[in-house]
2 protein chains.
Amino acid sequence: MDLRALRYFIAVAEERHVGRAASRLHMTQPPLSRAIRHLEDELGAALFERTAKGVTLTPAGTALYDEASALLRQADRIRGRVTIAAGAATLTVGTLADTAEQVGGRLVPLFRARHPHVNVTIHEADLGEPTAGLRAGLVDVALTRTPFDETGISVRVLRSVPVGVVMRDDDRLAGRASVSSADLAGRRWVRLPDGTDPIWTAYWAGGTHDGPSPVMRTIQECLQMVLWNGTSALAPIDQPLPAGLIAIPFADRPPSDLVVAWPKTGRSSLVRSFVDVADNAWSP
Amino acid sequence: MDLRALRYFIAVAEERHVGRAASRLHMTQPPLSRAIRHLEDELGAALFERTAKGVTLTPAGTALYDEASALLRQADRIRGRVTIAAGAATLTVGTLADTAEQVGGRLVPLFRARHPHVNVTIHEADLGEPTAGLRAGLVDVALTRTPFDETGISVRVLRSVPVGVVMRDDDRLAGRASVSSADLAGRRWVRLPDGTDPIWTAYWAGGTHDGPSPVMRTIQECLQMVLWNGTSALAPIDQPLPAGLIAIPFADRPPSDLVVAWPKTGRSSLVRSFVDVADNAWSP
DNA sequence: ACATCCGATACCGCACGGGTATCGTGCCGG
DNA sequence: CCGGCACGATACCCGTGCGGTATCGGATGT
């Protein structure tokens, strides 16, 4: 009887519905069904009655619900107690270009409210670091955008944002309702630093690179280059543009997800809590 | 931070020694070291100071010890509460021939004291069932003797018992300090039921079977056959023999362990508790 | 009758938690 | 001062367990 099984049980008990509980737990329904069955086997008692439109608690289930929720509350308190006893803990958050303003400004205060004793530091990464320092081990958790190489990295989507082609408002394509890859042929394009994750580079690439083109390191630089040099760029269209620039929806790319990312291995309790706060702040 | 990790931590904290804690937990030292390291990483705090002759608690470790022991006590209470709420639970214990008297008589009352609400039933198996009904799914846990086919079965040793050759006291070998396989050539031997686990059969076999020999089903039958038919048998020498029989230590077999055995999969909390009671009653 | 939605089942692949073998190191006795 | 020893740490292997996807059985309500 581990704590994870009890958390699963609590979710099912509160939702009275295995499928909904599964999505609340960010998993699929079958393993959750199995976990509940295992818990029932281990305790030697039926915890739920299965009905056609969900599940209901048995008396044993009700008893477990009371006990388990108290136990989980007590378990959650432990983390804080120990980190306090160990002295101030530190969480380093990596942000990619503008994600600090996009979500960090709302997220970090919520996190600090939950963990007043934790020191939160920010590492602002440039556009050549899609994991915002996560892969380099510089940060504990990152606020960034997909797509990038996710091997060894867990991701939770906060917001899904379509991308558009950003260009000067005197561009010959200005006014089009939408553009496709074919419209971009031969167009000069902003360039990411060499050595950047190829998945990331390919996603933001557009047109063709004939001849040298400028290298950008931040969203601001990127937009300035579009404005000054007449190049173009793909950018998420969830933010206001500087005067003189317009963005046209680009149908040939799936949306880019604004995500919180963390290492698959060695997830600390602070990281888990950070992700949890992010979930609660955006998913409902 | 699962409960298992906390149990590991408690053991190390109390022993102040990873190796001793590991053997107390019935595991080896390296995975325990790793688990402690993982817990420290997850909590973001050093819990122990490593010294040359063991480990000592840091302030954070002391804080965790207090919190964790309270949490584990609360978790242990849950099982009982739930099974009570679910109505009487039942644990079926399989015993092999004489193990019921050997250890069951002491073990079951201890278990019933810890779980007053649980119904304990006994299944007495004959000598052709070395797992005492465990493999057939007839029982939840078994008190039996090694060796047998342990695939899918977990085992905990309660007592290790040497075996001896049992024969009539007028046997020509009577008076020998010990015998070996060579002394048994051609001797008539008791026989186990057909279809019995070959590992088990081979262990208790001795001499050679020329011609039909009686089949035995219980230790009592076995000894009676030795007495009446002049056959011989191997038997654990931890019990008094009927008058007219003697046992001579037999060096050509490793000792037979008196064990508690249970299925590797689907271990219920009652089974775990039963094993735990057995541990505490015999291992110290 | 049938579409629909529920939980259960079957099966797969990977990560994790056991194991054994070995290492690095600090302490102690000769 | 050095060699042996005992401790925890590390390296590596392997089986189990827990995620996933695809599908089933069965109840419900139009």
Side-chain angles (χ1 to χ4, degrees), chain A residues 1-9 11-42 46-58 61 150-156 262-268 272 275, chain B residues 1-9 11-13 15-42 46-58 61 150-156 262-268 272:
Chain A
M1 186 189 62
D2 61 321
L3 293 180
R4 182 169 37 87
L6 293 183
R7 289 186 208 282
Y8 289 179
F9 166 77
V12 175
E14 290 179 350
E15 299 288 344
R16 298 180 182 277
H17 189 288
V18 180
R20 277 199 302 272
S23 63
R24 177 172 136 185
L25 292 165
H26 301 288
M27 61 191 293
T28 52
Q29 170 258 324
L32 182 56
S33 280
R34 191 179 48 193
I36 296 296
R37 176 68 67 191
H38 279 347
L39 184 62
E40 288 178 319
D41 287 348
E42 186 188 340
L47 300 171
F48 294 105
E49 308 249 340
R50 277 74 167 172
T51 74
K53 48 166 153 308
V55 296
T56 60
L57 282 169
T58 62
E150 295 186 13
T151 54
I153 292 177
S154 294
V155 151
R156 180 107 356 126
W262 67 99
K264 265 200 164 65
T265 61
R267 51 195 173 186
S268 78
R272 293 184 67 106
V275 174
Chain B
M1 186 188 63
D2 60 320
L3 293 180
R4 183 168 37 87
L6 293 183
R7 289 185 208 283
Y8 289 180
F9 166 77
V12 175
E15 298 288 345
R16 297 180 182 275
H17 190 288
V18 181
R20 276 199 302 273
S23 63
R24 178 172 135 185
L25 293 165
H26 301 289
M27 62 190 294
T28 53
Q29 170 258 325
L32 182 56
S33 281
R34 191 179 51 192
I36 296 296
R37 176 68 67 192
H38 279 347
L39 184 60
E40 289 178 317
D41 289 347
E42 185 189 340
L47 299 171
F48 295 104
E49 308 249 340
R50 277 72 168 175
T51 73
K53 50 166 157 299
V55 297
T56 60
L57 281 169
T58 63
E150 296 186 11
T151 54
I153 292 178
S154 294
V155 151
R156 183 108 354 127
W262 66 100
K264 265 200 165 63
T265 61
R267 52 197 172 186
S268 80
R272 293 184 68 104

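Just so you know, these numbers use all the heavy atoms, side chains as well, and skip hydrogens, waters and symmetry mates.
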Distance test, side-chain N/O of A:Lys53 to OP1/OP2 of D:dG29, below 4.0 Å: yes
Phosphate-side-chain proximity, B:Arg50 and D:dC7, N/O vs OP1/OP2 below 4.0 Å: no
A:Arg272 side chain near A:Trp262 side chain, heavy-atom distance below 4.5 Å: no
Selected nucleotide, minimal atom distance to A:Met27 side chain, candidates D:dG8, C:dG18, D:dG19: D:dG19
Nearest listed nucleotide, side chain of B:Val18, among D:dG8, D:dT28, C:dG18: D:dG8
5'-most by nearest nucleotide on DNA chain C - B:Ala35 or A:Gly19: A:Gly19
Protein-nucleotide distance (A:Arg16, atom CZ; C:dC6, atom P), rounded to Å: 16 Å
Rounded distance (Å) that lies between atom P of D:dG17 and atom CD of A:Glu42: 12 Å
Nucleotide C:dG18, atom P - distance to NE2 of B:His38 in whole Å: 10 Å
Per A:Gln29 side chain, nearest of listed nucleotides D:dG19, D:dA9, C:dA8: C:dA8
Heavy-atom side-chain contact between A:Arg50 and A:Ile36 under 4.5 Å: yes
Touch class at under 4.0 angstrom, heavy-atom based, for A:Arg4 against every strand present: sugar-phosphate
Test item: B:Phe48 and B:Leu57 side chains (from C-beta on) under 4.5 Å apart, heavy atoms: yes
Along DNA chain D (nearest heavy atom to each residue), the more 5'-positioned of A:Pro31 and B:Ala52: B:Ala52
Rounded interatomic separation in angstrom, taking CD1 from A:Ile36 and P from C:dA8: 9 Å
Check: A:Arg20 and A:Arg24 side chains under 4.5 Å, non-hydrogen atoms: no
Atom pair distance, as rounded to whole Å: CZ in B:Arg37 and P in C:dC16: 18 Å
Spacing between A:Leu39 atom CG and D:dC18 atom C1', to the nearest angstrom: 15 Å
B:His17 side chain, from C-beta outward: closest of D:dT28, C:dG7, D:dC7: D:dC7
d(NE2, B:His26; P, C:dG19) in whole Å: 11 Å
Phosphate OP1/OP2 of D:dG17: any A:Arg34 side-chain N/O under 4.0 Å: no
Among C:dG18, C:dG19, D:dA9, the nucleotide that comes nearest once only the side chain of B:Thr28 is considered: C:dG19
Minimum-distance nucleotide to B:Pro30 side chain [options: D:dG8, C:dG7, C:dT20]: C:dT20
Side-chain N or O of B:Ser33 closer than 4.0 Å to phosphate OP1/OP2 of D:dG8: no
Rounded interatomic separation in angstrom, taking CG from B:Leu32 and P from C:dG17: 13 Å
Student check: side-chain heavy atoms of A:Leu32 and A:Met27 closer than 4.5 Å: yes
Sugar-phosphate, base or nothing in reach of B:Phe48, heavy atoms under 4.0 Å: nothing
Close side-chain approach of A:Val55 and A:Val12, heavy atoms under 4.5 Å: yes
